[in-house]
Amino acid sequence: MIKTLLIDDEPLARSVVKEYLAEYPEFRIMQECRDGFEGIKAINEHQPEIIFLDIQMPKINGFEMLELIEEPPAVIFTTAYDEYAMRAFETSAVDYLLKPFSKERFNKAIHKWKSMQSNTSISPAAVALIENAAESPSQRQRVVVKTGGKIRIIPVQDIAFLEAADDFVKIHPLDGSSHLKNKTMQYFEKVLPEQQFVRVHRSYILNIHQITRIELVSKDNYVAILKSSAQIPLSRTGYGRLREVLGM
């Protein structure tokens, strides 16, 4: 038995996958999910070997859902997502099905996955697609984090600063809380609006709207004082970037 989940907000899309899967009795559909929240809960509960996942869904999208799963199962995307995102799959096209997809195309994806059953983790092509999703406007407007069993959506305007934390990035919202995200500082430099967020230090990205003043603490050594009273060190390069953005 191959434990399977369908995660798509469109009932018709789920029914098409169910119809095509009927020819593969070894696949057992454990649950149908209408959004990413349901998907995360179902993955944790059923530990599926494979999921059929839409990208554009309400609440959180397919990319954001995958980011919140520590060990994601194998993924076949079933999506009408913008064509630019599919460039990640040009050399491994069986990892996604572009709606509307034919039965033949579906079978091809299933057969390819069967030949790779030993690899139960998300494919390198899918990882590349998640990274490329940084180009999506929706990904630039918010950050989704998981703390304990709770999922929080943080609008970027509510982020005061970001801090490098070993292999993670610590998100500091305006409410004084903090949340770890399994991403890199380089990723957030790419995603966040460049006229609002500036890499002022190798370990800090700063929301310039939160700056109250910049102080010289020693020769050529500056810190930015935020509305929360947090003090963010500025490297020489970071100070130059900040001056440029602020028009100083």
Side-chain angles (χ1 to χ4, degrees), residues 36 55-68 81-88 127-147 151-217 220-248:
I55 295 176
Q56 293 172 310
M57 296 185 292
K59 298 182 180 179
I60 61 174
N61 63 40
F63 298 129
E64 293 165 334
M65 190 206 79
L66 289 175
E67 289 178 0
L68 299 175
Y81 202 66
D82 293 344
E83 188 174 336
Y84 78 83
M86 294 307 145
R87 294 172 190 162
V127 172
L129 179 54
I130 294 171
E131 293 297 321
N132 285 353
E135 300 176 18
S136 167
S138 63
Q139 299 290 95
R140 292 176 177 268
Q141 298 305 313
R142 64 189 193 180
V143 176
V144 178
V145 296
K146 186 177 181 182
T147 303
I151 297 171
R152 179 176 176 184
I153 300 173
I154 307 173
V156 295
Q157 64 266 23
D158 292 343
I159 297 174
F161 65 96
L162 301 91
E163 179 184 6
D166 296 325
D167 295 331
F168 296 83
V169 172
K170 185 178 289 187
I171 313 295
H172 293 269
L174 301 182
D175 62 8
S177 62
S178 63
H179 308 272
L180 289 175
K181 185 77 172 177
N182 189 12
K183 290 289 185 182
T184 64
M185 296 292 277
Q186 289 79 11
Y187 172 84
F188 282 109
E189 274 191 287
K190 178 180 180 182
V191 171
L192 295 173
E194 60 183 14
Q195 293 305 312
Q196 182 178 357
F197 289 88
V198 178
R199 182 82 174 266
V200 297
H201 188 278
R202 65 185 301 271
S203 298
Y204 291 94
I205 296 175
L206 182 59
N207 182 348
I208 64 172
H209 296 164
Q210 294 302 308
I211 299 174
T212 58
R213 63 186 185 277
I214 297 174
E215 291 186 354
L216 178 66
V217 294
D220 296 326
N221 188 9
Y222 293 87
V223 297
I225 311 298
L226 306 190
K227 294 177 182 178
S228 64
S229 298
Q231 298 187 19
I232 308 299
L234 309 178
S235 66
R236 286 189 178 184
T237 302
Y239 179 60
R241 291 180 189 145
L242 190 57
R243 284 176 55 91
E244 182 177 350
V245 172
L246 295 176
M248 296 171 59

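For the atom pair CG (Leu192) and OH (Tyr187), the distance works out to 9.0 Å, reported to the nearest 0.5 Å. For the atom pair CD1 (Ile151) and NZ (Lys146), the distance works out to 6.0 Å, reported to the nearest 0.5 Å. Atoms NZ and CE, on Lys59 and Met65 in that order, are 14.0 Å from each other to the nearest 0.5 Å. Taken to the nearest 0.5 Å, the CD atom of Glu215 stands 11.0 Å off from the CG atom of Leu234. Note: Asn221 CG to Ser235 OG = 10.0 Å, rounded to the nearest 0.5 Å.
Side-chain contact between Met185 and Ile205 is present, with heavy atoms from C-beta onward closer than 4.5 Å. Put simply, the side chain of Thr212 reaches to within 4.5 Å of the side chain of Lys227, judged on heavy atoms. Side-chain contact check for Leu226 versus Leu206: some heavy-atom pair is nearer than 4.5 Å. Between Glu67 and Lys183 there is a side-chain heavy-atom pair separated by less than 4.5 Å. A 4.5 Å side-chain heavy-atom check between Phe161 and Val200 finds every atom pair outside the cut-off.
Heavy-atom minimum distance, Ile208 versus Gln195: CD1-O, 3.2 Å. Nearest heavy atom pair, residue Ile154 against residue Val145, reads CD1-CG2, 4.0 Å. Scanning all heavy atoms of the two residues, the minimum distance from Ala165 to Leu180 falls at CB-CD2, 4.1 Å. Nearest approach of Leu246 to Ile214, heavy atoms of both residues: CD1-CD1, 4.2 Å. Closest non-hydrogen pair, Phe188 versus Val143, comes out as CE2-CG2, 3.9 Å.
With Ser203 contributing its side chain and Ala164 its backbone, the two residues share no donor-acceptor pair below 3.5 Å. Between the side chain of Thr184 and the backbone N or O of Phe168 there is no donor-acceptor pair closer than 3.5 Å. Side-chain atoms of Arg202 do not come within 3.5 Å of backbone N or O of Tyr204 as any donor-acceptor pair.
In this structure Gln157 satisfies the side-chain hydrogen bond (donor to acceptor under 3.5 Å, both in side chains) test with no other residue, sequence neighbours excluded. With sequence neighbours left out, the side-chain hydrogen bond (donor to acceptor under 3.5 Å, both in side chains) criterion links Asn182 to no other residue. Listed by chain and residue number, Ile60, Arg142, Val144 satisfy the side-chain contact (heavy atoms from CB on, under 4.5 Å) test with Ile153 (two or more places apart in sequence, or in another chain).
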Side-chain donor-acceptor distances from residues 169-176 under 3.5 Å, at least two apart:
from, atom 1, to, atom 2, distance (Å)
His172, NE2, Glu163, OE1, 2.9
Asp175, OD1, Ser177, N, 2.9
Asp175, OD1, Ser177, OG, 2.6
Asp175, OD2, Arg152, NH1, 3.1
Asp175, OD2, Arg152, NH2, 2.8

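Residue pairs meeting the salt bridge (Lys or Arg N to Asp or Glu O under 4.0 Å) criterion with at least one partner in residues 236-248, sequence neighbours excluded, are Asp220-Arg236. A ring-ring contact (aromatic ring centres under 6.0 Å, His included) check over residues 226-248, counting only residues at least two apart or in different chains, returns the pairs Tyr222-Tyr239.
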